[in-house]
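First up is the structure itself, then whatever we jot down about it.
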Amino acid sequence: MIVLYISALVFGLAMLFILMYSLAQAHLLLHFIRTRHSSNPPKAFSQNQALPKVTVQLPIFNERYVVDRLLEAVFALNYPSDKLQIQVLDDSTDLTQELLLKKIQAYSHLDIHYLHRQERVGYKAGALKEGLPQAKGDFIAIFDADFVPDPDFLLKVLPHFEDPKVGMVQSRWTHLNRDFSVFTQLQAFALDAHFLVEQIGRNNQHAFMNFNGTGGIWRKSCILDAGNWEADTLTEDLDLSYRAQERGWKFVYRPDIASPAELPPVMSAIKSQQYRWTKGGAECARKHLLRVLRGKFPFRIKFHAFAHLLNSAIFIAVLLASLSSIPLWWAMQEGRMGQGSLNAGTLFFLGFLIIALVYLFSFFYSKDGFGWRSMRVVWQLPLFLSVSMGLSLHNGIAVAEGLVGKKSAFIRTPKFNLAGNKQQWKDNSYLIFKMPFVTYFEGLMALLFSGIASASLLLGFYLMLPFHLMLAVGYGTVFCSSYQSYRL
């Protein structure tokens, strides 16, 4: 009975955390619905105006497949050449360095500063920080290697900085290869919710939001005032965002300005990205959460900062809920739990429904045809939720490491330059071929929950069947796709 009581407690606390997180998401959704059309962005600058000096920083590490596309887009920015400095911050150790130098030589008429570091001290944060003293611009635009910025990006974004309190302006990520595969579609499904509901919902009510690491412009003095880039977390963008906003700087989000980028098409690359994002988010929670909660901020801002900084902990909650549900499922079969307890437990699943609603709203917010999107959401939403649950073991480990302060290297996500669905990615030299041991446990979890779901069907017990069936599908999908991507 002790095991049963502990399982019930763990399950209840995990589902309670998911419910609390979902309430924050629901509030963002309501605020998004109320204010999504209320923004009135300033008119874009023209090249005939007196424009400020801008530095574009391009942090690069072994990106041989995409650097040519990146530089072509940045060199084509509509901005006076005498007001534009381009910093190529290159930490590469492969052919990328040669490709960059060759491309830069072809554009010798532009103000291009090439900085190559022999050691990746501080990783991306270290590169950005090292380039900053030599940055001539008062404003710093940052683009990762897989981005293709809008030619008018600078002219559209810079007017916001006429307000001296604005420290950063973020654009919305869009997707160059959304329809390349099922996994790119699921990632777009998730990111669209963040860049529509979450970013708009936070920004429009002046809650803390984050620079997304790329596709944005910083005021240089804001970066310096906030303490400059720091490499003590894997998400240096989130860290600097909180330090700047804690000091009173305003952030602006522009969902109407698209910054196209590439989505990783293979599970090994997706996992490396998810590991960095989730662990880095947990590290930032460890670094900033108590400071924000103790600060002189309104309750609304503290509440959303709590949900924002701990959003990656949702994977730990799902993992704990899934494991603790097994003894509870057995107890239900044996009649050791009263019907009242079962009915109360079902209330916690309201959190999953609220989270699903947020993703549904962002999915249908697109201008594409309603009928066409309805057909796609029938399979995308349940598969997205299932795969997210199937990633809970992998991501949960990353979050736990971040919360306890265990450090690890910055592993960047390999890029592929996939613009259509006919190009191959299997020959990418940056793919990881050694399969992590945790992948085998994901396979075992798939078998475990498949067995429980099958038993529920045979026994005619359906209360927890959807939960266990989604876990079986999620872990099965993650394991099979991981096995394939690590053993090409």
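Hydrogens, waters and symmetry mates play no part in the numbers below; they use all other heavy atoms, side chains included.
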Review point. If you draw a 6.0 Å radius around NZ in Lys406, do more than 12 non-hydrogen atoms from other residues or ligands fall strictly inside?
Key: no
Tell me, please, which residues at least two apart from [X] pass side chain to side chain donor-acceptor pair (under 3.5 Å).
{"X": "Glu401", "value": "Tyr275, Lys279"}
{"X": "Arg172", "value": "none"}
{"X": "Arg286", "value": "none"}
{"X": "Lys287", "value": "Glu230, Asp232, Asp239"}

Point to revise | Between Phe189 and Phe384, ring centroids under 6.0 Å | key: yes
Check your understanding: Between Phe479 and Tyr440, does the ring centroid distance fall short of 6.0 Å?
Key -> no
**Study point:** Working for side chain to side chain donor-acceptor pair (under 3.5 Å), residues Ser171 and Ser259
**Key:** CA-CA 6 Å; Ser171 65; Ser259 291; 2.6 Å; yes
**Study point:** SB check Glu262 Arg69 (cutoff 4.0 Å)
**Key:** yes
Report the residues that fulfil ring pair (Phe, Tyr, Trp, His ring centres under 6.0 Å) with [X], sequence neighbours left out, ordered by chain and then residue number.
{"X": "Trp277", "value": "none"}
{"X": "His27", "value": "His304"}
{"X": "Phe297", "value": "Phe208"}
{"X": "Phe467", "value": "Phe349"}

Qualifying residues under side-chain contact (heavy atoms from CB on, under 4.5 Å), relative to [X], sequence neighbours excluded:
{"X": "Asp68", "result": "Glu72, Lys103"}
{"X": "Ser312", "result": "Thr278, Ala282, Val399"}
{"X": "Ser324", "result": "Ser7, Val10, Phe11"}

For residues 441-460, which side-chain donor-acceptor pairs fall under 3.5 Å, sequence neighbours excluded?
unit_1: Glu442; atom_1: OE1; unit_2: Lys271; atom_2: NZ; d: 2.7
unit_1: Glu442; atom_1: OE2; unit_2: Lys271; atom_2: NZ; d: 3.2
unit_1: Ser450; atom_1: OG; unit_2: Ala446; atom_2: O; d: 2.6
unit_1: Ser454; atom_1: OG; unit_2: Ser450; atom_2: O; d: 2.8
unit_1: Ser456; atom_1: OG; unit_2: Trp329; atom_2: NE1; d: 2.9
unit_1: Ser456; atom_1: OG; unit_2: Ile452; atom_2: O; d: 3.0

Check your understanding: Which of these passes salt bridge (charged side-chain N to carboxylate O under 4.0 Å, His left out) with Lys124: Asp144, Asp91, Asp237?
Key -> Asp144
Review point. Can Glu246 and His288 be counted as having a side-chain donor-acceptor contact under 3.5 angstrom?
Key: yes
Review point. With no hydrogens and no angle check, is any side-chain donor or acceptor of Ser386 less than 3.5 Å from a backbone partner on Pro382?
Key: yes
